[in-house]
Amino acid sequence: MNEQVRPAGGPLFNPLSPDFIRDPYPHYDRLRTIEPIHVTPFGQFVTSRHADVSLVMRDKRFGKDFVERSKRRYSPAIMDEPVFRSMSHWMLQSDPPDHTRLRGLVVKAFTARRVEDMRPRIQAIVDQAIDAVIERGHMDLIEDFAFRLPVTIICDMLGIPEDHRETFYNSSRDGGRLLDPVPLTPEEIAKGNAGNMMAQMYFQQLFELRRRNPGDDLITQLVQAEEDGNKLTNEELTANIILLFGAGHETTVNLIGNGLLALHRNPDQLALLKARPELMVNAIEEFLRYDSSVQMTGRVALEDIADLGGKSIPKGETVLCLLGSANRDPAVYPDRPDRLDVTRPNVKPLSFGGGIHFCLGAQLARIEAEIAIATLLRRLPDLRIDDVENPEWRPTFVLRGLKRLPASW
């Protein structure tokens with residue numbers, strides 16, 4: 001490690017420090033410049049350049065290896081913790097052939113056609129959210145607006161009955177720490193276990209309901225799934241429904257919130273988008289690039305890697321891919337990568353990951369954000385965010401998003 005080039009301001013990569021949470025981008029800039037493949041105190045390799053991040057996500061020499069990775073990081077006993085056992089069944093943490101089987105069972109729910117067909121429903125939910133607050137003259141853009149839309153849509157897709165949904169609207173959003181690269185404290189693991197057990201109890205009951213009363217929804221599909229004779233075990237079924245529920249709303253809430261904040265911090269871009277609504281599709285790609293709701297993904301070297309950006313990676317070592325850094329790499333975006341530009345050409349953010357783990361719900365998230373932000377700008381043209389300079393960020397790093405975003409009109 002290049003100790004001699006350590007800046008005076010502490011470690012190069014300290015993702016849970018308040019300064020990093022508030023604005024990680026200057027830190028990424030330093031990493032790309034000083035040490036593009038950085039080794040953390042936990043022995044993880046951190047990649048910050050677009051070329052390296054892209055390669056690791058797509059190269060078959062890298063995988064997830066979740067169980068062994070977790071045992072190395074904590075101890076073999078970690079897999080006795082319910083939340084870790086559940087995560088070991090997530091398709092997000094699986095390698096082929098398990099990953100292929102699990103994803104194959106779910107992918108039909110996310111076809112381009114099915115997602116496009118959801119547009120009227122998405123529009124209706126967005127309009128309802130605005131109708132509910134328009135007379136008040138103020139709202140929290142996260143709680144009252146960004147949060148309800150993707151939660152409602154994922155509840156629709158999973159077939160969660162209407163009268164059960166209030167629990168989900170009021171559920172806490174602090175599961176994000178589970179994905180952070182800094183090990184969890186025993187208290188955080190206990191909290192994760194408790195949340196996991198509650199979710200398992202609820203979904204087990206819902207599976208039984210759907211076995212008795214099938215519906216036109218994803219849970220019914222999965223309960224009945226016979227893909228090449230491969231049924232899901234109950235543990236796999238529960239784990240992946242919990243994953244879909246979390247992934248299906250958390251990242252979209254952050255995409256909408258981060259996008260609205262970025263626009264209001266750049267009034268010229270806000271004015272341009274209001275004047276030219278046809279730019280919205282490209283603007284969503286730029287929001288994803290500019291301040292990604294997912295900042296990092298991880299892989300494990302499945303064999304010795306002789307050279308990754310000038311470093312050798314031994315088999316079994318973890319490589320963290322900084323998506324947020326890759327998205328602002330001047331090697332790919334030479335024209336002021338730190339500037340928001342809704343007209344930027346050729347925006348291809350890495351925010352949805354890559355390779356076999358490319359996000360299943362990418363197109364759904366794009367459409368939800370597009371309709372939500374376009375409708376808000378059209379229906380509340382004089383909306384102002386109360387404090388664009390010092391918003392309150394959630395204290396997680398992998399999932400980057402705001403706790404709240406008060407606004408008035």
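On a predicted model such as this, the values are computed, not experimentally measured, just so you know.
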Quiz prompt | Contact check, side chains of Tyr28 and Leu322, non-hydrogen atoms, under 4.5 Å | solution = yes
Quiz item: Should the heavy atoms of other residues, nucleotides or ligands under 6.0 Å from CG of Asp307 be counted, would the total exceed 12?
Solution: yes
Exercise. Give the C-alpha distance, both sets of side-chain angles, the deciding distance and a yes or no for side-chain contact (heavy atoms from CB on, under 4.5 Å) between Leu323 and Ser351.
Key: CA-CA 6 Å; Leu323 306 173; Ser351 310; 5.7 Å; no
Quiz item: Quick one: does Thr33's side chain have a donor or acceptor within less than 3.5 Å of a partner on Asp29's backbone?
Solution: yes
Exercise. Flag the pair Glu285 and Arg344 as a salt bridge only when some basic side-chain nitrogen lies within less than 4.0 angstrom of an acidic carboxylate oxygen.
Key: no
Quiz item: Mind checking whether Ile122 and Leu364 have side chains closer than 4.5 Å, heavy atoms only?
Solution: yes
Practice problem: For His138 and Asp386, test the side chains for any donor-to-acceptor distance below 3.5 angstrom and give the result as yes or no. | Solution: no
Quiz item: What closest approach, in Å, do Lys315 and Asp304 show between heavy atoms, and which atom pair accounts for it?
Solution: N-OD1, 2.7 Å
Quiz item: Under a 4.5 Å cut-off applied to non-hydrogen side-chain atoms, are Val182 and Arg177 in contact?
Solution: yes
Self-check item: Minimum heavy-atom distance between Phe147 and Pro150, given as atom pair plus value
Solution: O-CD, 3.5 Å
Quiz item: So do the side chains of Asp156 and Arg165 get within less than 4.5 Å of each other, counting heavy atoms only?
Solution: yes
Self-check item: Leu244 side, atom CG; Leu222 side, atom CG - distance, nearest 0.5 Å
Solution: 7.5 Å
Exercise. State whether Arg336 and Asp341 are salt-bridged, where the test is any N-O pair (Lys NZ or Arg NE/NH1/NH2 against Asp/Glu carboxylate O) under 4.0 Å.
Key: no
Practice problem: Give the minimum heavy-atom separation between Pro181 and Phe397, together with the two atoms involved. | Solution: CD-CD2, 3.6 Å
Practice problem: Show your working on side-chain contact (heavy atoms from CB on, under 4.5 Å) between Ile125 and Glu368 and close with a plain yes or no. | Solution: CA-CA 10 Å; Ile125 297 163; Glu368 287 179 337; over 6 Å; no
Quiz item: Which heavy-atom pair separates Arg299 from Met57 by the least distance, and what is that distance?
Solution: NH2-O, 3.7 Å
Quiz item: Does the Asn254 side chain pair with the main chain of Val294, one donor and one acceptor, at a distance under 3.5 Å?
Solution: no
Practice problem: Determine yes or no for a side-chain-to-main-chain donor-acceptor pair under 3.5 angstrom, with Thr396 supplying the side chain and Val398 the backbone. | Solution: no
Quiz item: Any side-chain heavy atom of Met79 within less than 4.5 Å of one from Lys71?
Solution: yes
Quiz item: Under 4.5 Å between any side-chain heavy atoms of Glu81 and Tyr74, yes or no?
Solution: no
Got a list of side-chain donor-acceptor pairs under 3.5 Å for residues 272-279, not counting sequence neighbours?
residue : atom : partner : partner atom : Å
Lys274  : NZ   : Pro381  : O            : 2.5
Arg276  : NE   : Glu278  : OE2          : 3.2

Practice problem: Provide the full list of salt bridge (Lys or Arg N to Asp or Glu O under 4.0 Å) pairs with a residue in residues 287-296, sequence neighbours left out, each pair given once. | Solution: Glu286-Arg289, Asp291-Arg400
Quiz prompt | Nearest heavy atoms of Ala365 and Leu255, plus distance in Å | solution = O-CD2, 3.9 Å
Quiz item: Using 4.0 Å as the upper bound for N to carboxylate O, is an ion pair formed by Asp117 and Arg114?
Solution: no
Quiz prompt | Aromatic ring proximity, centroids under 6.0 angstrom, His249 and Phe168 | solution = no
Practice problem: Return yes if some donor-acceptor pair links the side-chain N/O of Asp59 with the main-chain N/O of Leu55 below 3.5 Å, else return no. | Solution: no
Self-check item: Any donor-acceptor N/O pair, Asp65 side chain to Leu302 backbone, under 3.5 Å
Solution: no
Exercise. Could you tell me whether Arg379 and Asp127 make a salt bridge, using a distance below 4.0 angstrom between a side-chain N and a carboxylate O?
Key: yes
Self-check item: Ser312 side chain near Phe45 side chain, heavy-atom distance below 4.5 Å
Solution: no
Quiz item: Where the side chain of Ser86 meets the backbone of Val83, is there a donor-acceptor pair that is under 3.5 Å apart?
Solution: no
Exercise. Determine, stepwise, if the pair Leu340 / Phe287 fulfils side-chain contact (heavy atoms from CB on, under 4.5 Å).
Key: CA-CA 8 Å; Leu340 182 75; Phe287 299 149; 4.0 Å; yes
Quiz item: Thinking salt bridges, do Glu317 and Lys311 make one under a 4.0 Å N-O criterion?
Solution: no
Exercise. Would you please classify the geometry between the Phe245 ring and the Phe203 ring as parallel, tilted or perpendicular, with 30° and 60° separating the classes?
Key: tilted
Quiz item: Would you say Arg58's side chain and Gly355's backbone share a donor-acceptor pair under 3.5 angstrom?
Solution: no
Quiz item: Step by step, would you call Thr251 with Leu399 a side-chain contact (heavy atoms from CB on, under 4.5 Å)?
Solution: CA-CA 7 Å; Thr251 49; Leu399 298 179; 4.1 Å; yes
Quiz prompt | Side chain Asp329, main chain His50, donor-acceptor under 3.5 Å | solution = yes
Quiz item: Taking atom CD1 of Ile34 and atom OG of Ser48, what is their separation to the nearest 0.5 Å?
Solution: 10.5 Å
Quiz item: Has the side chain of Gln93 got a donor or acceptor atom that lies under 3.5 Å from a matching backbone atom of Trp90?
Solution: no
Quiz item: Can a salt bridge be assigned to the pair Lys64 and Asp98 using a cut-off of 4.0 Å between side-chain N and carboxylate O?
Solution: no
Quiz item: Are the side chain of Glu166 and the backbone N or O of Asp163 linked by a donor-acceptor pair below 3.5 Å?
Solution: no
Quiz prompt | Rounded distance (nearest 0.5 Å) linking atom CG of Leu218 with atom CD1 of Ile160 | solution = 10.5 Å
Quiz item: So how far is it from Leu102 CG to Leu232 CG, rounded to the nearest 0.5 Å?
Solution: 6.0 Å
Quiz item: Is the Tyr25 ring parallel, tilted or perpendicular to the Tyr290 ring (thresholds 30°, 60°)?
Solution: parallel
Practice problem: Inspect the surroundings of CG in Asp387 and state if more than 12 heavy atoms from other residues, nucleotides or ligands are less than 6.0 Å away. | Solution: yes
Practice problem: Name all pairs fulfilling the ring-ring contact (aromatic ring centres under 6.0 Å, His included) condition that reach into residues 95-127, sequence neighbours left out, sorted by first residue then second. | Solution: His99-His357
Quiz item: Do the side chains of Leu261 and Trp393 get nearer than 4.5 Å, heavy atoms only?
Solution: yes
Quiz item: How far apart are the closest heavy atoms of Ile256 and Ala369, and which atoms are they?
Solution: CG1-CA, 3.9 Å
Quiz prompt | Rounded distance (nearest 0.5 Å) linking atom CD of Glu236 with atom OG of Ser94 | solution = 8.0 Å
Quiz item: Between Arg328 and Tyr333, is NZ or CZ placed under 6.0 angstrom from the six-membered ring centre and within 45° of the ring axis?
Solution: no
Quiz item: In Å and rounded to the nearest 0.5 Å, what is the OG to CG distance from Ser325 to Leu320?
Solution: 12.5 Å
